[in-house]
Structures are given as structure tokens and as C-alpha cells.
Amino acid sequence: MHNHRTTITQHIIEEQRRIQNATGDFTSLLNDIVTACKVISNLVNHGALIGVLGSAATENIQGETQKKLDVISNDVFIKSNEWAGHLAAMASEEMDDVYLIPPQYPRGKYLLLFDPLDGSSNIDVNVSVGTIFSILRCPDGVENPTKEDFLQSGTKQICAGYALYGPSSMIVLTTGRGVNGFTLDQNIGEFVLTHPNLTIAEDSIEFAINASNMRFWEPPIKRYIDECLAGKEGARGKDFNMRWIASMVAEVHRILTRGGVFMYPVDSKIKQQGGKLRLLYEANPMSFIIEQAGGVSTTGHERILDIQPNALHQRVPVILGSKNEVERIARYHQETSA
Ligand code: P6P
């Protein structure tokens, strides 16, 4: 007897059936996003064999040198999603301004935001990288969306997800009713449901932070990490473990799978830019996923999903993961402010 696995397409359509007067627009958009992730997975998996490693000798708006695969992956997302008539515009870490759907294609009611290849500094050293995406509604009556139309708080997202190109390629997705994980079955070229209803343990003994920034940290972060490092002889009375992959998608996936805390806090080195990670296409989609899995995601001072964005490429501090640990860190911030 063949053990039937639910494909991501079947899962999306079954989710759509639960939404009143759904037109199938959203389902079709998600399928085009999945196709883009399959193409990027294939490119990443071939790496040096097809000459896509190394730098593109160009810079993005963040002033970061782009990898060839950053540019290629961005183009894959554009080409996979611009033609079908579900989107009015797109925005990406790799593009300064919003990308309006060209006149030869119909426009739709959604806005797509994405980081096409997050953690791409890992690509040349063959460490996991990912794609992060977020779907918003285009404001009613807006024919030609501008940057302002993308400046919606994270609570307005109707879908968030990531693809993780690791030992296996996975897509993790939420549309507001929990979080589900799908693994790419290379034999049939489909993502199949392997991790239904992902939930994050409320407690954890594992934290992720770039410890090379320690001398720049603010007191609440320093206090939390010092207590973790003091181990069972210290205030926490237990030993902790540390991880840092320098790929947010991989860190978030580990936390969804076995709990933990991921921190990219603001510090004295990056204070003037407000943080390292981008709100609209990194922090917001990941925060939606984390909260839907029972975790918490905060700047230290406020819930990330509540932030009213003021710029397309705005950066924020990110502290997310296991509820009890993240709430402890937030408490340390409040105590310091008080
Ligand atoms: P650092 C990758 O560039 C990224 O945006 C996240 O995916 C990752 O968590 C972080 O930056 C890594 O930052 O300072 O350790 O290189």
C-alpha cells in the first residue's frame, strides 16, 4: 500500500477551502512561490558546478556586496511571480525600490516581500542558506503601489514562510492557523508534509548570538548571556549551549524543531541604523511563524509584529524563540529601562 504524503499544493488547497469566498488567487500565488523555491534549491545544490558561486561585484541598498546567487535568486522570484496576475508589486532586500508588475501582465491584490537568499555569506562555504517571504494585501484601490503601501505592520501579513536549503530542502509556512513544514522529495519534485503543526518548547537551554559583538552589547543582553555562561553554578542553575550559523533561516528552523533563542540585538556598533536584520522581509515573516508556533518575538522593548514600519528597508533588533526565555530577556530590558 503506497503511503500517501500530503503535498504542499494539496495542503494549500485544503487550507483555502476553509476560507469563505476564496477565489484560488492566494493558492495559485503560493504555488508560484513554491516553484521559485524549487528553482533556487536546484541552483544552490549545484553551486560550483554551474559557476554561480562568488560575488557579483555589485552592492545592494544595504551597502552589502551581492553574491551572484543573491542576484540570480532575486531574478528567479521576480520571473516566477510577476506573470500570473496575483500581485500588484514586490519588494526585496536586493532591490532599492518596489517592483511594479510590468504592464504586459495583469495586476492582483497581493504584495510580495522577500529576502531571496538569506545568509548568502554562507553560500561560498557550503553552509545552509534560505529564502524568506511575506504576503500582504495591496491597499484597496491602489493601482500603482509605492513604498508606503508596503509599510504595514507585521500583524497585517496573511502568510509568511521560508525555504531552508540545507541537507534537505524544506519549506515552512503559516497562514495564521499554525505552522507546517514540508520537505522536498527530489524524486517527485514536490514538497511533502513532514512536520505538521510545528510548536516551540516554552523552555530552552540553547541560545544563538554573534558573540564577537559582546563588547558592544547593551546591559540586558550582557546580563542574560553572562547568566547562561555561568551555567549551573550561576543564577540560572543550569548549563546552556550556544549556536551561531549566521543564517537566520537555519537558526529559526532549529528553534522551531528543538527550542532555543535567537538574538540579533541592537548594540553600540549598529545603534544608528537601528539593528542588523530587516523588519519587512526578515523579522516580520519570522516573527509571524514564531508566534504561530507558540514562541515570542520582540525587539526587547516591543512585539515586533506591532511595529508600524517607516521605511522599506528598515532594520530592527530581533530576540525570538522559546516563550519563557524571550520573556525573561524582555523583562531584563524593562528592568534596565526602569
Ligand atoms: P553576522 C545574514 O546576513 C543575516 O542577515 C542573518 O541571516 C544572520 O542571522 C545574520 O545576518 C548574520 O549576521 O553579523 O553574524 O554576519
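Both counts, for ligands and for their atoms, begin at 1 and track the order of listing.
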Problem set entry | Within-shell test, Glu282 vs ligand 1, heavy atom, strictly < 4.0 Å | yes
Seminar exercise, completed: Looking only at protein heavy atoms, what sits closest to atom 9 (O) of ligand 1 is Met248 N, 3.4 Å
For this session: Could you tell me whether Tyr281 and His313 have their ring centroids closer than 6.0 angstrom?
Result: yes
Seminar exercise, completed: Sorted by chain and residue number, the salt bridge (charged side-chain N to carboxylate O under 4.0 Å, His left out) partners of Lys79 (sequence neighbours excluded) come out as Asp75
Exercise. Would you say ligand 1 has an N or O under 3.5 Å from any N or O of Asn210?
Worked result: yes
Exercise. Given that the side chain starts at C-beta and the backbone is N, CA, C, O, which of these parts of Arg278 lies under 4.0 Å from ligand 1, counting heavy atoms, or is it both or neither?
Worked result: side chain
Exercise. How far does CD of Glu202 sit from OG of Ser322, to the nearest 0.5 angstrom?
Worked result: 8.5 Å
For this session: Kindly write out the residues that satisfy ring pair (Phe, Tyr, Trp, His ring centres under 6.0 Å) with Phe191, not counting sequence neighbours, or none if the list is empty.
Result: none
Seminar exercise, completed: re atom 16 (O) of ligand 1, the protein heavy-atom contact at minimum distance is Lys276 NZ, 3.7 Å
Problem set entry | Atom indices of ligand 1, in the order listed, that fall short of 4.0 Å to a heavy atom of Phe262 | 9 (O)
For this session: Could you check which of Leu117, Leu277, Val318 puts a non-hydrogen atom nearest to atom 4 (C) of ligand 1?
Result: Leu277
Exercise. Is there a donor in the side chain of Glu227 and an acceptor in the side chain of Tyr332, or the other way round, less than 3.5 Å apart?
Worked result: yes
Problem set entry | N/O separation below 3.5 Å, Ser121 to ligand 1 | no
Exercise. Without hydrogens or angle criteria, can the side chains of Thr58 and Gln66 be said to hold a donor-acceptor pair below 3.5 Å?
Worked result: yes
Seminar exercise, completed: Closest heavy-atom pair, Pro285 versus Leu280, reported as atoms and distance to 0.1 Å, is CD-O, 3.5 Å
Seminar exercise, completed: Looking only at protein heavy atoms, what sits closest to atom 14 (O) of ligand 1 is Tyr264 OH, 2.6 Å
Exercise. At under 4.0 Å between heavy atoms, which part of Val249 makes contact with ligand 1: side chain, backbone, both or neither?
Worked result: neither
